[in-house]
Amino acid sequence: MPSEAASGIAFREPPIFERGAVGRRGHSTSALDVPEVDVAAALGGLLREQAAGFPEVSEPEVFRHYVRLSQWNYCIDSQFYPLGSCTMKYNPKVNEWAARLPGFAALHPLTPPHLAQGALELIVRLQELLAEIVGMDGVSLQPAAGAQGELTGLMMIRAYHGAQGRSPRKVFIPDSAHGTNPASCALNGFEAVAFPAGPRGVVELETLARAVQAAGDDVAGLMLTNPNTLGLFEPAIADLVQLIHDKGGLVYGDGANMNAVLGQARPGDVGVDVMQFNLHKTFTTPHGGGGPGSGPVAFKQRLAAFQPGPVLRREGEAFVVDTARPQSIGRVRSFHGNFGMMVRAYSYIRELGPEGLRAVSELAVLNANYLKRKLEQILPLGVEAEVLHEAVFTDRELEQSTGIKTLDLAKRLIDYGFHPPTVYFPLVVRGALMVEPTETETKQTLDAFVDAIAAIKAEAEADPALVKGAPHLTRLGRLDEARAARKPRLRWTPEPASD
Ligand SMILES: Cc1ncc(COP(=O)(O)O)c(C=O)c1O
């Protein structure tokens, strides 16, 4: 299908508020067989003076509108989605089935614990499994995203220092880290101290030692992503942890990239004190559309007293909600967190077992290295190193010779049927394209992706305008991203905003 730009036809999908007609209905109900309530009398002053202005639409109108919108979207269920650092893997449908079982999906969050023992058991069992997987002593499933897990973990570190009558402020973060790391520090009243990763893309002990030395007694901790955002394992991690512990600090492990080390290495075994999982990456919750996520924190015993409350735990044969936690940082999420994600993760872990989880990381690493070997013949690597789950390439040379920018290449990939990789991140690589294939892709898909990049490179050299104008085969052509970011229209208004 040619894009709007290519065909000259203006496609317009009016929002639901601009559809329908007064009195049109999408449902039919039987006649009342009970006395009608006088709504005005019942609501008194709370009654609206004017109708709320909701769309009045038929069932086909509303259904088709949303189906059409969903078909314009790119999704992992239809195509390869190699978005680096996001672990966009295919989510087995059996986990969706489990999450939709009425006993789980329809359970009211305020159901008293003695009537919700099955759900509480699942939560406690998942806490235990996750703790085992990363070598920690406990897990709280409350945080609803990776970033919220970071925030929670740092709150626990702050509470730990506070309980010892200390209030150090500096948290060291390498410059290759995800932006949420410094943001979580700042939100927590810590000072994020950035230091450079070395030329090999990993943290060097001497660099951190110098930074820590300069901080004196003000060392609250270190935040380290392992494997890091270049897809590299941090080889000095045990020494880095020791250095921070010697200064009285604690180590926060960003576990967003756990997919690469599942069943191979446990952060707890090298001394990491607290970390988050991104269940929506590693443990198969569909993500990418801003939907519910889950970022549990795992911690060592010395931080257990500070975990979010209430705490769910076993008591004999029963599963209880423990609210007597005087040192807890308190609740970070309503109820017990995003329960649907927990059911999916539990079902996935039980389905795969230890051998299956190990195979996940082995295949994820194999796929990334296969892709790296083939793709580095077309685009140079951002950093020459052995990678784990993802590889970062740079198209700087291509830009210099053809004028094609990273974004152009990314947009043209859409015409070839692939979601673009992460671009311009990590910031330490100019013209970065960060590719994470995950374990769920076949060799054929990876080969087709590499062929597409090779074809786009040839196009860039022969016909740069073709690449610069991409995408051409999508419903809408190139969108004005700067305008969308600077002047977002997030709410429908009757009159289109004039700008
Ligand atoms: C390394 C890393 N840390 C933290 C996060 C934040 O996770 P979330 O998007 O669930 O808040 C991400 C997300 O991409 C990440 O890649």
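In each ligand, atom 1 is the first atom listed, and ligand 1 is the first ligand listed.
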Atom 14 (O) of ligand 1 sits nearest the protein heavy atom K281 NZ, 2.9 Å
Looking only at protein heavy atoms, what sits closest to atom 4 (C) of ligand 1 is E150 OE2, 3.1 Å
Min over G179, G146, G295, S176 of heavy-atom distance to atom 8 (P) of ligand 1 lands on G146
At under 4.0 Å between heavy atoms, what of H280 touches ligand 1? The answer is side chain
Aromatic F277 / basic K281 pairing, under 6.0 angstrom, 45° off normal:
no
If you compare T422, D254, T180 by their heavy atoms, the one closest to atom 1 (C) of ligand 1 turns out to be D254
If we number the atoms of ligand 1 from 1 as shown, the ones under 4.0 Å from a heavy atom of A256 are 1 (C), 2 (C), 3 (N), 15 (C)
Polar contact flag for A147 and ligand 1 (N/O pairs, less than 3.5 Å): yes
closest protein heavy atom to atom 7 (O) of ligand 1 is N278 ND2, 3.0 Å
Looking only at protein heavy atoms, what sits closest to atom 16 (O) of ligand 1 is S85 OG, 2.7 Å
_When you measure from the heavy atoms of Q148 to every atom of ligand 1, does any distance fall below 4.0 Å?_
no
- Are any non-hydrogen protein atoms located under 4.0 Å from atom 11 (O) of ligand 1? yes
Paired with K374, the side chain to side chain donor-acceptor pair (under 3.5 Å) test is passed by just one of D447, D451, N369, namely D447
